[in-house]
S.K.: 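Below you'll find the structure I mean.
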Amino acid sequence: MSTTDQPRRAGTAKVVGASLVGTTVEWYDFFLYGSAAALVFNKLFFPAEDPLVGTLLAFLTYALGFVARPLGGLVFGHYGDRLGRKKLLVLSLMTMGVATFAIGLLPTYQQIGVLAPILLVTLRLVQGFAVGGEWGGAVLIVSEHGSAERRGFWASWPQVGVPAGNLLATAVLAVLSATLSDAAFLSWGWRVAFLLSGLLVVIGLWVRLAVDESPVFLEAQRRAAERTAGQERPPMLVVLRRYRREVLVAMGARFAENVSYYVITAFVITYVTLHLELDQDMVLNALLIGSVAHVVCLPLWGALSDRVGRRPVYLIGAVGVGVWAFAFFALLDTRSFPATALAISVGLVFHGAMYGPQAAYFSEMFGTRVRYSGASIGYQLASIAAGSLAPIIATQLLRDFGSGVPVAVYVAAGSLLTVVAVLFSPETRGRDLAADTGDDDAPLPGTAPAVNPVS
């Protein structure tokens with residue numbers, strides 16, 4: 001490695017670290033709600049005689065967070081493409097932290113009646129709005145700092161923040177559940193996990209404020225100012241005019257990734273505790289093991305996509321989760337802890353083959369001056385139809401059929417949709433993100449000439 005490469009690599013590593021820490025904190029907040037919906041909120045905020053009905057109601061509010069995500073992607077994407085990635089990343093983290101901390105202070109249904117779920121829903125919407133702006137900024141600021149040759153690897157690290165946040169949320173709940181009685185955990189123990197967010201946000205802000213703005217964005221901003229003299233079109237209009245296909249491809253590619261993730265990490269708690277009637281500590285510990293496997297594999301899949309292309313690696317994940325879904329429920333039905341941990345871990349490794357290269361893949365689809373908006377819209381719109389509905393649809397299928405097989409069919413159908421979307425997209429590996437800083441009205445070429453991508 002040359003002496004000129006060393007400072008660049010160190011600078012990229014600093015940006016990656018800041019993005020990873022901030023993303024971990026933000027997704028800790030978001031996933032904490034999903035776990036609490038299955039363990040606590042169905043009892044304290046949505047009481048019902050049928051436990052599955054209460055869980056369905058809790059997951060409906062969980063889904064509302066996804067509905068708010070596209071709005072967050074639109075707003076944060078617009079201003080992120082105008083003002084910069086860093087400013088909006090700081091704002092999204094602060095917004096998420098305040099909402100999560102407030103959830104930890106909420107009175108329950110028994111204390112204030114219907115106002116309790118109303119306040120919970122409101123704060124969930126704020127969470128969704130904040131996380132809707134987080135993903136695009138976190139992956140773009142890394143993608144735009146790093147080199148094209150290793151972009152898949154570096155950009156996969158903000159993606160690690162998602163399972164790391166889930167790992168942290170699950171670990172905190174697992175410790176609280178193991179050390180407190182069921183009554184104490186239901187009474188006040190769960191609140192500790194939400195109030196902890198305040199400390200984590202302070203740490204995340206301290207790290208995130210230390211990074212520099214994306215040099216690719218700054219150059220694009222300078223050229224745009226010279227070219228348009230203040231008459232530049234809103235990023236959203238450019239995306240809708242020139243990047244419609246890319247948005248649809250991103251949505252389709254996201255479908256199986258999003259559905260499989262929330263079935264594996266959120267619905268599995270309901271399946272194991274209510275359907276199989278096993279202890280919640282068992283599934284939480286299995287999720288901890290699976291999350292560790294997920295964290296380890298994401299950078300490896302990202303690095304592989306730098307060598308063979310984004311599409312081949314993504315297709316491995318899409319086909320893998322569709323096939324594994326049937327083995328997943330068969331292993332859960334054994335009621336064995338090792339089998340449950342294996343089911344979750346392998347499922348998340350296949351999921352990582354999609355999620356690892358996804359950041360670079362989506363970033364390379366859009367021009368610099370609309371990249372935050374375009375990537376965020378494609379990513380977040382899919383969340384409504386995929387991630388938000390996955391636990392609800394899976395829970396309803398379980399109620400109707402009393403088996404995990406229909407849920408596996410649902411995951412496999414989503415995988416088929418993603419395979420079709422990826423096959424219809426061009427390979428993006430090797431694109432020079434700094435080469436499009438002048439004219440974002442023209443879509444990017446289908447293939448970067450610097451690298452011979454594998455189609």
Side-chain angles (χ1 to χ4, degrees), residues 23 26 30 63-85 87-89 91-92 95-96 125 127-144 155 158-159 162 214 217 220 232-259 310 314 354-355 357-389 417-418 421-422 424-426 428 431 433 436 440-444:
T23 304
E26 192 139 359
F30 195 76
L64 287 175
F66 289 83
V67 175
R69 282 169 64 171
L71 178 59
L74 287 172
V75 174
F76 281 87
H78 174 83
Y79 288 104
D81 284 327
R82 287 293 182 87
L83 304 177
R85 307 351 183 173
K87 294 183 181 69
L88 275 297
L89 281 173
L91 181 60
S92 69
T95 304
M96 175 64 87
L125 289 171
Q127 277 192 325
F129 180 80
V131 84
E134 163 69 20
W135 180 85
V139 301
L140 294 188
I141 201 168
V142 173
S143 295
E144 293 174 349
Q159 304 287 77
V162 176
S214 158
F217 168 78
E232 187 179 10
R233 286 183 290 275
M236 176 55 55
L237 295 183
V238 178
V239 170
L240 295 178
R241 181 183 176 189
R242 298 291 186 178
Y243 293 95
R244 290 188 294 269
R245 177 180 174 178
E246 287 79 2
V247 169
L248 291 174
V249 165
M251 291 175 63
R254 181 112 160 91
F255 199 88
E257 175 266 304
N258 216 210
V259 167
R310 316 298 183 213
Y314 213 103
M354 293 181 283
Y355 205 61
Q358 188 181 87
Y361 189 27
F362 288 9
S363 298
E364 291 160 345
M365 291 182 184
F366 301 92
T368 301
R369 292 293 291 149
V370 299
R371 186 168 292 129
Y372 202 145
S373 297
S376 295
I377 292 167
Y379 184 92
Q380 302 300 350
L381 280 178
S383 298
I384 298 179
S388 70
L389 296 180
L417 174 61
T418 291
V422 174
F424 272 90
S425 69
T428 63
R431 279 187 177 150
L433 298 187
D436 56 52
D440 285 314
D441 279 345
L444 296 174

S.K.: When you measure from the side chain of R310 to the backbone of T428, do you find a donor-acceptor pair of N or O atoms at a distance under 3.5 Å?
M.R.: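 Checked: no pair found.
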S.K.: Can you sort out the partners of L381 under side-chain contact (heavy atoms from CB on, under 4.5 Å), two or more places apart, ordered by chain and number?
M.R.: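 With neighbours one apart ignored, the set is P70, M251, I377.
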S.K.: Please determine whether side chain to side chain contact (heavy atoms under 4.5 Å, CB included) holds for the pair V247 and F366, giving the CA-CA distance in whole Å, both sets of side-chain angles, and the decisive distance to 0.1 Å.
M.R.: CA-CA 9 Å; V247 169; F366 301 92; 4.0 Å; yes
S.K.: Can you give me the closest heavy-atom contact between T23 and V162, atom names plus distance?
M.R.: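 Minimum heavy-atom separation between T23 and V162: CG2-N, 4.4 Å.
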S.K.: Taking side-chain contact (heavy atoms from CB on, under 4.5 Å) as the definition, give me every residue that meets it alongside V422, ordered by chain and number, with sequence neighbours left out.
M.R.: A253, R311, Y314, L315, Y361, T418, S425
S.K.: Rounded at 0.5 Å granularity, tell me how far CZ in R245 sits from CE in M365.
M.R.: 9.5 Å
S.K.: Would you say S383 and R254 are linked by a side-chain donor-acceptor pair, where the criterion is simply a distance under 3.5 Å?
M.R.: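 Side chains of R254 and S383: pair found under 3.5 Å.
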S.K.: Is there a side chain to side chain contact (heavy atoms under 4.5 Å, CB included) between S376 and F76 once you walk through the steps?
M.R.: CA-CA 9 Å; S376 295; F76 281 87; over 6 Å; no
S.K.: Roughly how far apart are M354 CE and F255 CZ, rounded to 0.5 Å?
M.R.: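 CZ of F255 is found 12.0 Å from CE of M354.
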S.K.: Of the non-hydrogen atoms in N258 and G387, which two are nearest, and what is the gap between them?
M.R.: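 Taking N258 first and G387 second, the nearest heavy atoms are OD1-N, 2.8 Å.
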S.K.: Any idea which heavy atoms bring Q358 and E257 closest together, and the distance?
M.R.: NE2-OE1, 3.0 Å
S.K.: Write down the atom of Q159, the atom of A359, and the distance for their closest heavy-atom approach.
M.R.: NE2-N, 3.7 Å
